[in-house]
Number of protein chains: 2
Amino acid sequence: MTRALQILKDAGLRKTPCRLQMLDLLLQEGRAISHSEFELHLEAIDRVTIYRTLHTFERKGLLHKVIDGQNQSKFALCSHSCDEKEHRDEHIHFHCENCDKTRCLDELGIPEIVLPVGYSAHRANYMIEGICAECVGAGT
Amino acid sequence: MTRALQILKDAGLRKTPCRLQMLDLLLQEGRAISHSEFELHLEAIDRVTIYRTLHTFERKGLLHKVIDGQNQSKFALCSHSCDEKEHRDEHIHFHCENCDKTRCLDELGIPEIVLPVGYSAHRANYMIEGICAECVGAGT
DNA sequence: TTCTGAATTGCAAAACTATTGCATTTGCAA
DNA sequence: TTGCAAATGCAATAGTTTTGCAATTCAGAA
């Protein structure tokens with residue numbers, strides 16, 4: 001059984017071509033992917049279905065939305081224990097200004113901050129923009 | 001001379017009603033403001049002019065774009081030495097889930113991170129979501 | 001103060017991005 | 001194999017941002 005199929009089963013979701021292709025792309029690329037990029041890779045699939053699948057995956061805790069600086073939502077596979085009830089995404093994201101790819105730096109936790117009195121935190125988001133390892137030294 | 005007028009002069013920009021009103025709102029609120037919120041407050045001004053003014057201000061180093069947790073762009077006055085050439089915005093942003101307002105926590109610097117080998121950072125963005133001091137204890 | 005050119009604005013239209021409704025198709029368990 | 005809820009495709013709608021262009025406005029020079 002493929003990895004994608006296993007993910008769908010674990011989430012209690014039906015196996016459909018759209019879902020399998022989207023998971024395959026995410027697994028293959030290992031980074032956050034935008035709706036428009038899915039659209040390019042899944043030619044036979046309707047735009048709307050991709051939107052709906054993204055929402056379904058997010059709701060089931062399979063994906064988390066990544067905010068990059070460009071007003072574009074991207075989605076990355078949750079690496080560990082996310083599910084319908086509890087959604088944790090406490091790592092740093094990196095957006096490359098050269099190739100525009102966004103990656104989760106799963107190994108880097110977000111440093112805690114002491115907030116001013118009166119503020120209480122639920123969630124934190126740490127985004128770094130720069131040049132990624134693939135682009136460094138590769139010219140522009 | 002009003003504060004807003006001084007800002008425009010320093011930036012070498014012409015005085016126009018739209019610009020003055022936008023700066024006044026930013027100065028008065030002391031937080032990041034979205035395009036749609038500007039639109040509500042500046043009734044006689046065209047949407048497109050607001051978009052263009054935001055771009056102009058950003059380019060001149062008067063504003064920095066803040067991405068809140070909903071992937072909505074908001075704009076906040078740069079507090080110190082930003083200009084056309086150098087743009088620094090190295091502080092934490094806080095987005096209140098209750099009132100939806102976004103503030104710059106100017107006094108809180110962004111903790112530095114040691115990136116994996118090969119990555120180089122230009123800019124960092126640290127966003128905290130939670131409940132702000134005004135909303136805590138005020139019920140929902 | 002008046003004039004003039006460049007900057008700025010408003011309006012219309014286009015380009016994107018995202019959502020909704022509904023009829024049809026599909027996956028899966030009984 | 002069949003039935004039905006889930007998922008999809010298509011059309012339409014809603015929302016956001018950008019672009020082109022003509023008209024207006026600002027600020028410095030005369």
Side-chain angles (χ1 to χ4, degrees), chain A residues 1-2 4-25 32-60 62-75 84 100 102, chain B residues 1-2 4-25 32-60 62-75 84 100 102:
Chain A
M1 181 181 316
T2 69
L5 192 48
Q6 185 64 54
I7 291 173
L8 287 180
K9 277 210 167 171
D10 291 347
L13 289 172
R14 288 188 183 178
K15 177 183 87 171
T16 71
C18 173
R19 288 170 178 178
L20 288 174
Q21 286 180 64
M22 286 175 67
L23 288 174
D24 282 343
L25 186 60
I33 294 182
S34 66
H35 176 275
S36 59
E37 199 174 349
F38 278 116
E39 208 180 335
L40 284 176
H41 280 80
L42 280 68
E43 293 191 1
I45 309 288
D46 194 84
R47 275 200 314 288
V48 175
T49 302
I50 297 174
Y51 279 117
R52 286 197 269 229
T53 303
L54 288 172
H55 290 154
T56 302
F57 282 0
E58 200 185 5
R59 187 163 35 80
K60 287 286 184 178
L62 268 49
L63 297 183
H64 59 266
K65 190 191 281 192
V66 179
I67 311 290
D68 77 10
Q70 321 310 309
N71 267 348
Q72 200 178 22
S73 292
K74 296 182 177 175
F75 296 85
E84 210 152 349
D100 193 41
T102 302
Chain B
M1 180 181 314
T2 70
L5 192 47
Q6 186 64 54
I7 292 174
L8 287 181
K9 278 210 167 171
D10 290 347
L13 289 173
R14 287 189 183 175
K15 177 184 88 171
T16 72
C18 174
R19 287 170 179 177
L20 288 174
Q21 286 179 63
M22 286 175 67
L23 288 174
D24 281 343
L25 186 60
I33 294 182
S34 66
H35 176 275
S36 58
E37 200 174 350
F38 278 115
E39 210 180 333
L40 283 176
H41 280 81
L42 281 66
E43 293 191 0
I45 308 287
D46 195 84
R47 273 202 315 288
V48 175
T49 302
I50 297 174
Y51 279 117
R52 286 197 270 230
T53 303
L54 288 172
H55 290 153
T56 302
F57 282 0
E58 200 186 4
R59 186 162 35 80
K60 287 286 184 178
L62 268 50
L63 297 184
H64 59 266
K65 188 192 283 191
V66 179
I67 308 288
D68 77 7
Q70 323 312 311
N71 223 355
Q72 195 183 19
S73 294
K74 296 182 178 175
F75 295 85
E84 209 154 350
D100 194 40
T102 302

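Remember, predicted model here, so these are calculated numbers, not experimental data. Computation of the quantities below employed the complete heavy-atom set of this structure, encompassing side-chain atoms and omitting hydrogens, waters and symmetry-equivalent molecules. Within every chain, numbering begins at 1; the chains are lettered A, B, ... in the order of the sequence lines, protein sequences first and strands thereafter.
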CD1 of A:Ile50 versus C1' of C:dC16: gap in Å, rounded? 15 Å

Where along residues 34-42 of chain A does a heavy atom come under 4.0 Å from DNA chain D, residue by residue in number order? none

Between B:Ser73 and A:Arg14, the residue closer to the 5' end of DNA chain D by nearest nucleotide is A:Arg14

Separation of C:dA7 atom C1' from B:His55 atom NE2, nearest Å, is 18 Å

Applying the Watson-Crick and G-U wobble criteria at under 3.5 Å, what pairs with C:dA30? Answer none if nothing qualifies. D:dT1

Whole-Å distance between C:dA12 P and B:Arg47 CZ? 11 Å

From CZ of A:Arg19 over to C1' of C:dT25, roughly how many Å is that when rounded to an integer? 14 Å

Atom-pair distance (NZ on A:Lys15; C1' on C:dA29), nearest Å: 15 Å

Sugar-phosphate, base or nothing in reach of A:Arg52, heavy atoms under 4.0 Å: base

Taken to the nearest whole Å, CZ/A:Arg59 to C1'/D:dA6 is 11 Å

Where the side chain of A:His35 meets the backbone of A:Arg47, is there a donor-acceptor pair that is under 3.5 Å apart? yes

Mapping B:Val48 and A:Leu13 onto DNA chain D by nearest heavy atom, which one lands closer to the 5' end? A:Leu13

So does A:Tyr51 get a side-chain nitrogen or oxygen closer than 4.0 Å to the phosphate oxygens (OP1/OP2) of C:dA18? yes

Just checking A:Thr56: base, sugar-phosphate only, or nothing, at a heavy-atom cut-off of under 4.0 Å? nothing

In whole Å, what is the span from the CD1 atom of B:Ile67 to the P atom of D:dT17? 10 Å

For A:Thr49 and D:dG9, is the shortest distance between a side-chain N/O and OP1 or OP2 below 4.0 Å? yes

What is the distance from CD of B:Gln72 to P of C:dA18, rounded to the nearest Å? 13 Å

Checking side-chain contact (heavy atoms from CB on, under 4.5 Å) between B:Leu54 and each of B:Leu63, B:Leu62, B:Ile33, which is the one that passes? B:Leu63

